[in-house]
2 protein chains.
Amino acid sequence: MKHRSTSEFCCAHAPMALGLAALSHPARIEILRHLSGLDASCCKDVVGHLRLAQSTVSQHLKVLVEAGLLRMRPERQSSRYEVDVEALKALSDVLAELADACAAARTRSDAASEGHLNG
Amino acid sequence: MKHRSTSEFCCAHAPMALGLAALSHPARIEILRHLSGLDASCCKDVVGHLRLAQSTVSQHLKVLVEAGLLRMRPERQSSRYEVDVEALKALSDVLAELADACAAARTRSDAASEGHLNG
DNA sequence: ATCGTTTATCGGCGATATACGATGAAGATC
DNA sequence: GATCTTCATCGTATATCGCCGATAAACGAT
């Protein structure tokens, strides 16, 4: 997840890669889904929902917070975790842009080869 | 990237997680962008674009192929790699659905608290 | 003050990811 | 046939991940 790659594209795509990495685990996807249903929730609640050790869940929550996809209020007794809907939407949009760019490029090249080869 | 987690949600979210994991590296994002510009391209071309060893690039391409985001025709001399636009769009849509679900849940809960608390 | 609850962090283990060089296979070129 | 190019794979080294148990910190209740 942490890379010290070689070129400028690394810096350019690093935020997107970090966000997607945070979502590249079934447990973390499920955490987002679970937390979206409720208003805000604590770690213990997530532990009850998933079948993972408390320390493991705490780690997953930390990953999501560091990726900016969750916000947390550290109320020492029972911290509240909440989905950052804007950040999630932003990440989704970036991926959608990539998909659209690829689709547009293909459409363009299809049109070109039709124009050149006439079918 | 390969997890043998505990519950049913793992299987449910595994495909999404696998796809996002494939995109969770700047080099692989850049590979998709690069390949979308061209029609189809070979490994050497990608090696020239990125500043990574040929073996490393070959690995990244393999990851993308195994995730279904790239198609490859193994022409032994110079294999052709091509973006699977449909697969990429599908993955983007799944993430968009997750984001929308979270947004919808928040909107609903906002409306509820407004109704209860009158602001 | 003591106990119970909840959470975050530490340390360790096994598995995986990332990167590279070296090697071998397959086609092209001379 | 000899050589070059291109690519996939192997082997290796290092770093990170994912998981857990154990522990410490913070708060509430008794």
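Any value given below was found using the heavy atoms of this structure, including those in side chains, with hydrogens, waters and symmetry copies removed. Remember, it's a predicted structure, so these values are computed and weren't measured experimentally. So you know, we letter chains A, B, ... as the sequences are listed, proteins then strands, and number each from 1.
Residue His25(B) has its side chain nearest to dA19(C) when only dG18(D), dA19(C), dT7(C) are considered. Closest contact between the side chain of Ala53(A) and the listed nucleotides dT7(C), dT18(C), dC20(D) involves dC20(D). Nearest to the side-chain atoms of Ser78(B) among the listed nucleotides dC19(D), dT6(D), dA22(D) stands dT6(D). When distances run from any side-chain atom of Lys44(B) to the nucleotides dC7(D), dC19(D), dG21(C), the shortest one goes to dC7(D). For Leu52(B), counting side-chain heavy atoms from C-beta on, the closest listed nucleotide (dC20(C), dG18(D), dC20(D)) is dC20(C). Of the candidates dA8(D), dA8(C), dA19(C), the closest approach to any side-chain atom of Met72(B) belongs to dA8(D). Nearest nucleotide to the Arg28(A) side chain, out of dG18(D), dG21(C), dC7(D): dG18(D). Closest approach to the Lys62(A) side chain among dC19(D), dC7(D), dT9(C) is made by dT9(C) (side chain taken as heavy atoms from C-beta onward).
The separation between Leu61(A) atom CG and dC19(D) atom P is 12 Å, rounded to whole Å. If you take CD of Gln54(B) and P of dT18(C), they are 17 Å apart, rounded to a whole angstrom. Atom pair Arg51(B):CZ and dC20(C):C1' shows a separation of 17 Å (rounding to whole Å applied). Distance CD1 (Ile31(B)) to C1' (dA19(C)): 13 Å, rounded to an integer number of Å. In this structure, Leu18(B) atom CG and dG18(D) atom P are separated by 12 Å, rounded to whole Å. Rounded to whole Å, atom P of dA17(C) lies 15 Å from atom CG of Leu23(B). Atom CZ of Arg73(B) is separated from atom C1' of dA8(D) by 18 Å (rounded to the nearest Å).
At least one donor-acceptor pair closer than 3.5 Å links the side chain of Thr107(A) to the backbone N or O of Ala103(A). Proximity of a side-chain donor or acceptor of Arg71(A) to a complementary backbone N or O of Glu82(A) within less than 3.5 Å is not detected. Under a 3.5 Å cut-off, the side chain of Arg28(A) and the backbone N or O of Ala21(A) do form a donor-acceptor pair.
Atom SG of Cys102(A) is separated from atom CD of Glu97(A) by 12.0 Å, given to the nearest 0.5 angstrom. How far NE2 of His49(B) is from CG of Leu52(B): 10.5 Å, rounded to the nearest 0.5 Å. The CG atom of Leu91(B) sits 8.0 Å away from atom CG of Leu20(A), with the distance rounded to the nearest 0.5 Å. Note: Leu18(A) CG to Ser24(B) OG = 9.0 Å, rounded to the nearest 0.5 Å.
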Give every pair of a protein N or O atom and an N or O atom of nucleotides 28-30 of chain C that lie under 3.5 Å apart, one pair per line with the distance.
from	atom 1	to	atom 2	distance (Å)
dA28(C)	O4'	Gln77(B)	NE2	3.1

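Classification of the His25(B)-His60(B) ring pair by plane angle, with boundaries at 30° and 60°, yields tilted.
Residues Thr56(A) and Tyr81(B) both approach DNA chain D. Their nearest nucleotides, taken by heavy-atom distance, put Tyr81(B) toward the 5′ side.
Ser55(B) has no side-chain polar atom (N or O) that falls below the 4.0 Å cut-off from OP1 or OP2 of dC20(C). Taking only side-chain nitrogens and oxygens, Ser58(A) comes nearer than 4.0 Å to OP1 or OP2 of dA8(C). OP1 and OP2 of dA17(C) both lie 4.0 Å or more from every side-chain N or O belonging to His60(B).
For Gln59(A) against dA8(C), a side-chain-to-base donor-acceptor contact under 3.5 Å is absent.
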